[in-house]
Amino acid sequence: MTKGEYVHPHYPHENQEELPTANLPLASLSLSLSLFSPFPKPCSVVPSPSHVKFNVPSQVSSLSISLFPPPAKSSSKLSAPSNISNSLLLSPSPFLRRRPTDPSAAAAARRCTIVWFRADLRLHDNEPLSAANADSLSILPVFLFDPRDFGRSPSGFDRTGPYRARFLIDSVAELRQGLRRRGSDLVVRIGRPEVVLPELARAAGADAVYSHREVSHDEARAEERVAAAMEAEGVEVKYFWGSTLYHIDDLPFKLEHMPTNYGGFREKVKVLTVRKTIETPEEVKGVPSRGNIEPGDIPSLQDLGLNPAPTMSQDGKPIMSASLVGGETEALERLKKFAIECRTETSRGNMENSRNSIFGANFSCKISPWLAMGCLSPRLMFEELKKTANRTVSTASSAKSGGLNSPDSGMNWLMFELLWRDFFRFITKKYSSAKKGAAAPATACTGALV
């Protein structure tokens, strides 16, 4: 046996058949094994007769042994990751990439990602949730009741009325139930995002925050404050787009060059295709054990400074807003019912004469509250209506063909209104993102929104 040649002691050299020789240094092999796991563990390799033999220089044998730490004593407390683990999670290895074809995905597995839910209270077609679930070892779903969204405005009106607040509470409760059924949970707090999110990130050891972008001025400023607070903590903030039928990155113009009238906007986007929805995850990564973060209670109206709203009007009739139930489940049920009625109602006259129809007053499908709260994705509406329609429904043809007497008139009308909704959200984003005094007023005419 030559110097440096490895032979397993259970198989004597003189009785063993000569095997191929590989010139792989044991030190490099050991290093690759220890780097592959975020938390290094003791490793023992027992060669079998079929294993190849390695010619290892004797001077690196001690180095290979030092790369494997002794077994750590068991402890009930969460120990801090090693330096190697931290560097891997911050500058990830290509072996841990989960979504290499998605340009918006994080580069690799993270320790923990906070998913900050806002006006996207759903599990279907939710890119921040889907991306975090793929990129992270654990995720911390969070919803915050910002005190600035409640109370009185300078004009003396409620910033959020009791009916809307009740709808919001229902939607948050439904979201928590959905996450728990999939193995996760929802942390609920009352507080300002730029204060609460850094506290949760420190407690959970999170290294990223994923969330959807919103369009109004106050929402855009909140995003900037959160980004600044997280930068001070060394936590990455990543915003996604998911509140419109068309994706903002697919627009054939830069947002600052968007037409300020609906007709010009429709002409430019009619050639676009709607992106496919993101599937609802069957399982969601669990919340991190570090920090022992309590889920928290969902506040009541009184906790938000509101009194319960009346359910009956002064003339003794029930108030419709008081009967609306928030949440993703209710939104999907209403969409299903609307799609069926679009097939059965053949004219607008019949729709108006059906008092119990989902079309409701003023030819409305009454799905607007669930869209506004993000319980329902506009792209999912588009896909579901295409499945139900006798022919392919497109926003390009909705305003030009079909007519109100067509069997698909209800669907064409809804697609037309969804395009209006896109226009108003994009135009709001355009001016909320523009520098003060740099934007001209929009000239969109009024229209019935979904």
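Keep in mind that what you see is a predicted model, and the values were worked out from it rather than measured.
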Using the rule given for side-chain hydrogen bond (donor to acceptor under 3.5 Å, both in side chains), can you reason through Thr277 versus Asp125, listing the C-alpha separation, both sets of side-chain angles and the distance that settles it, and then say yes or no? CA-CA 5 Å; Thr277 59; Asp125 201 24; 5.1 Å; no
Are the side chains of [X] and [Y] in touch, meaning some heavy atoms are under 4.5 Å apart?
X: Val142; Y: Phe117; answer: no
X: Thr273; Y: Tyr246; answer: no
X: Phe265; Y: Thr260; answer: no
X: Ile293; Y: Val187; answer: yes

Please test Ser216 against Glu219 for side-chain hydrogen bond (donor to acceptor under 3.5 Å, both in side chains), starting from the C-alpha separation and ending with a verdict. CA-CA 5 Å; Ser216 74; Glu219 292 165 332; 2.9 Å; yes
Is there a donor-acceptor contact under 3.5 Å from the side chain of [X] to the main chain of [Y]?
X: Ser136; Y: Ile139; answer: no
X: Arg176; Y: Leu186; answer: yes
X: Ser184; Y: Lys285; answer: yes

So, Glu279 and His124: side-chain donor and acceptor under 3.5 Å apart, yes or no?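 The criterion, which ignores hydrogens and geometry beyond distance, is not satisfied for His124 and Glu279.
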Give a yes-or-no answer on whether the side chains of Ser243 and Glu214 include a donor-acceptor pair shorter than 3.5 Å. no
Taking ring pair (Phe, Tyr, Trp, His ring centres under 6.0 Å) as the test, write out the residues that go with Phe145, two or more places apart.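 Counting only residues at least two positions away or on another chain, Phe145 forms a ring pair (Phe, Tyr, Trp, His ring centres under 6.0 Å) with Phe143.
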Can you classify the ring geometry of Trp420 versus Phe416 as parallel (below 30°), tilted (30 to 60°) or perpendicular (above 60°)?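 Judged by the thresholds at 30° and 60°, the geometry between Trp420 and Phe416 is perpendicular.
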Minimum heavy-atom distance between [X] and [Y], given as atom pair plus value:
X: Ser211; Y: Trp116; answer: OG-O, 2.9 Å
X: Arg421; Y: Pro378; answer: NH1-CG, 3.9 Å
X: Arg275; Y: Asp249; answer: NH2-CB, 3.9 Å

Rounded at 0.5 Å granularity, tell me how far [atom1] in [X] sits from [atom2] in [Y].
X: Glu127; Y: Asn133; atom1: CD; atom2: CG; result: 13.0 Å
X: Ile278; Y: Thr280; atom1: CD1; atom2: OG1; result: 10.0 Å
X: Trp241; Y: Lys429; atom1: CH2; atom2: NZ; result: 6.0 Å
X: Leu123; Y: Arg181; atom1: CG; atom2: CZ; result: 8.0 Å
X: Asp149; Y: Asp158; atom1: CG; atom2: CG; result: 12.5 Å
X: Leu175; Y: Met373; atom1: CG; atom2: CE; result: 12.5 Å

Give a yes or no on this: more than 12 heavy atoms of other residues, nucleotides or ligands lie within 6.0 Å of atom CD of Glu231.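 Result for CD/Glu231: open.
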Check residues 161-169 and write down every donor-acceptor pair under 3.5 Å in which the side-chain atom is one partner and the other belongs to a residue at least two apart or another chain.
residue: Tyr163; atom: OH; partner: Pro310; partner atom: O; Å: 2.6
residue: Arg166; atom: NH2; partner: Asp170; partner atom: OD1; Å: 3.4

Check the pair Arg202 / Glu233 against side-chain contact (heavy atoms from CB on, under 4.5 Å), numbers first and verdict last. CA-CA 8 Å; Arg202 287 193 295 268; Glu233 297 289 334; 2.5 Å; yes
